[in-house]
Colleague: 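Following this message is one structure expressed as structure tokens.
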2 protein chains.
Amino acid sequence: MADVSMPIGVLARSAGCKIQTIRYYEGIGLLPAARRTAGSQRRYGETHRQKLAFIRHARELGFSLPAIRELLALADQRESDCAEADRIARRHLESVNRRIAMLDGLRTELELMLTHGQGNRIRDCRVIATLADHRLCSQSHHAEATDS
Amino acid sequence: MADVSMPIGVLARSAGCKIQTIRYYEGIGLLPAARRTAGSQRRYGETHRQKLAFIRHARELGFSLPAIRELLALADQRESDCAEADRIARRHLESVNRRIAMLDGLRTELELMLTHGQGNRIRDCRVIATLADHRLCSQSHHAEATDS
DNA sequence: CTAAAACCTCCAGTCATTGGAGCTTCAAGC
DNA sequence: GCTTGAAGCTCCAATGACTGGAGGTTTTAG
Ligand SMILES: [Zn+2]
Ligand SMILES: [Zn+2]
Ligand SMILES: [Zn+2]
Ligand SMILES: [Zn+2]
């Protein structure tokens, strides 16, 4: 609890992010503005530390900043129903599942391309041939990824 | 074979991409500059069509533009050894595998968060609680994704 | 009081496109 | 040959989520 008035560098280390990231979050209104010293330097307290930890953890879990903005607002409504928060998480899970499915398709094709020994000429290379002609692919693998 | 002199819109439709994308590829030197009409409009032939198809297919398979640039150069060396092309594809496959592993981790955490019924208050919501405290996570899920 | 570490603001760049403004050219029908 | 609408042109800005740098100021330990 010696962090009643942390400078930004200490906060950044505690959150495991860059100083610029914190200023960026403040700039877009995701993290409330810090109080300033007489010389305009930011000083943070426990509330800021918790909010930033929440943001960073959500980012690690792949949530987008707009989604995190909503989640942060919801987190402050302690007595409200959590359906909306759950909906956001579920939507993100679906997006993660779609991306996994897409990458699985890519993996299949890449592995297929690479099923040939060493010492080939380019004109016999399955990697190059496949890239030049989708008919050598085993699937459609037509990609489209959306985020939460 | 009536495409000896395609305007850009026809080429774009044949490749399934936007007109701007083609001009962008030309701008960064990925696709060779097209010949122009007296009025400066681009006209394409079969070679361009094939190169663009190669690029688009590689993009669908998740290769980065720098990687595609190398692959295109290699594709023209028909008698060279294909080891380098294979290496690029293998590196990309590894990156895809890393991303799948990461997303699998995220999926696990998101599913865990969502294991609670409806009608909860925010203060009892596992989604919000998990985001606020990584100790509720089952794994480290510390993300880092690199592309080919 | 000095010096260096930490901080400040503002701007540009990343990646692979995409969209738009404002203008010109092409091609088909009359 | 002329009109007209579709298609093309260049240049610039925006996307998401940061990251890096220039150039200057503040803090703090010694
Ligand atoms: Zn090969
Ligand atoms: Zn394919
Ligand atoms: Zn809930
Ligand atoms: Zn966690």
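If you're wondering where the values come from, they're calculated on a predicted model, not measured in any experiment.
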Colleague: Using heavy-atom distances to pick each residue's nearest nucleotide on DNA chain C, tell me which of G9(A) and C17(B) is more 5'.
Modeller: G9(A)

Colleague: Does the distance from a Lys or Arg side-chain N to an Asp or Glu carboxylate O, for D76(B) and K51(B), drop under 4.0 Å?
Modeller: yes

Colleague: To the nearest Å, how far apart are I68(A) CD1 and dC18(D) C1'?
Modeller: 13 Å

Colleague: Taking only Lys NZ, Arg NE, NH1 and NH2, and the carboxylate oxygens of Asp or Glu, determine whether D124(B) and R121(B) approach each other closer than 4.0 Å.
Modeller: no

Colleague: Atom CZ of R59(B) and atom C1' of dT17(C): how far apart are they, to the nearest Å?
Modeller: 9 Å

Colleague: Cut-off 3.5 Å, side chains only: do S138(A) and E109(A) have a donor facing an acceptor?
Modeller: yes

Colleague: For L52(A) and dC18(D), give me the distance from atom CG to atom P, rounded to whole Å.
Modeller: 10 Å

Colleague: When you check the side-chain N and O atoms of S64(A) and R69(A), is any donor under 3.5 Å from an acceptor?
Modeller: no

Colleague: Which comes earlier along DNA chain C counting from the 5' end, the contact point of I55(B) or that of Q41(B), where each point is its nearest nucleotide?
Modeller: I55(B)

Colleague: How long is the straight-line distance from CG of L52(A) back to CD1 of I8(A), given to the nearest 0.5 Å?
Modeller: 9.5 Å

Colleague: A side-chain contact here means heavy atoms from C-beta on lying under 4.5 Å apart; do K18(B) and T21(B) qualify?
Modeller: yes

Colleague: Expected output is a numbered-order residue list: members of residues 18-25 of chain B with a heavy atom under 4.0 Å from any atom of DNA chain C. What is it?
Modeller: K18(B), Q20(B), T21(B), Y24(B), Y25(B)

Colleague: Flag the pair E84(A) and R87(A) as a salt bridge only when some basic side-chain nitrogen lies within less than 4.0 angstrom of an acidic carboxylate oxygen.
Modeller: yes

Colleague: Rounded to whole angstrom units, what separation is found between the CD1 atom of I8(B) and the C1' atom of dA6(D)?
Modeller: 15 Å

Colleague: Give the angle between the helix axes at the two ends of the helix from dC1(C)-dG30(D) to dC30(C)-dG1(D), taking five base pairs at each end and rounding to 10°.
Modeller: 10°

Colleague: Salt bridge or not between E26(A) and R35(A)? Use side-chain N to carboxylate O under 4.0 Å.
Modeller: no

Colleague: Heavy atoms under 4.0 Å, any strand shown: does R56(A) hit a base, just sugar-phosphate, or nothing?
Modeller: sugar-phosphate

Colleague: In terms of side-chain heavy atoms of R43(B), which of dC7(C), dA27(C), dA16(C) is nearest?
Modeller: dA27(C)

Colleague: Between dC7(C) atom P and L11(A) atom CG, what is the distance in whole Å?
Modeller: 10 Å

Colleague: Would you find more than 12 non-hydrogen atoms of other residues, nucleotides or ligands less than 6.0 Å from Q118(A) atom CD?
Modeller: no

Colleague: Rounded off to whole Å, could you give me the CZ-to-C1' distance for the R13(B) and dA6(D) pair?
Modeller: 11 Å

Colleague: For L65(A) and dT15(D), what is the distance between atoms CG and P respectively, to the nearest whole Å?
Modeller: 13 Å

Colleague: For a quick check of understanding: with a heavy-atom distance under 4.0 Å over all strands, which category does I28(A) fall into, base, sugar-phosphate or nothing?
Modeller: nothing

Colleague: Look at T37(B) and dC26(C) and indicate whether a side-chain polar atom (N or O) is within less than 4.0 Å of OP1 or OP2.
Modeller: yes

Colleague: Report the relative orientation of the aromatic rings in H141(A) and H134(A); use parallel for angles under 30°, tilted for 30 to 60°, perpendicular for over 60°.
Modeller: perpendicular

Colleague: Provide, to the nearest angstrom, the distance between the CG atom belonging to L31(A) and the P atom belonging to dA17(D).
Modeller: 16 Å

Colleague: Under 4.0 Å between a side-chain N or O of R36(B) and OP1 or OP2 of dT10(D)?
Modeller: yes

Colleague: Using OP1 and OP2 only, check whether a side-chain N or O of R42(B) sits under 4.0 Å from dG8(D).
Modeller: no

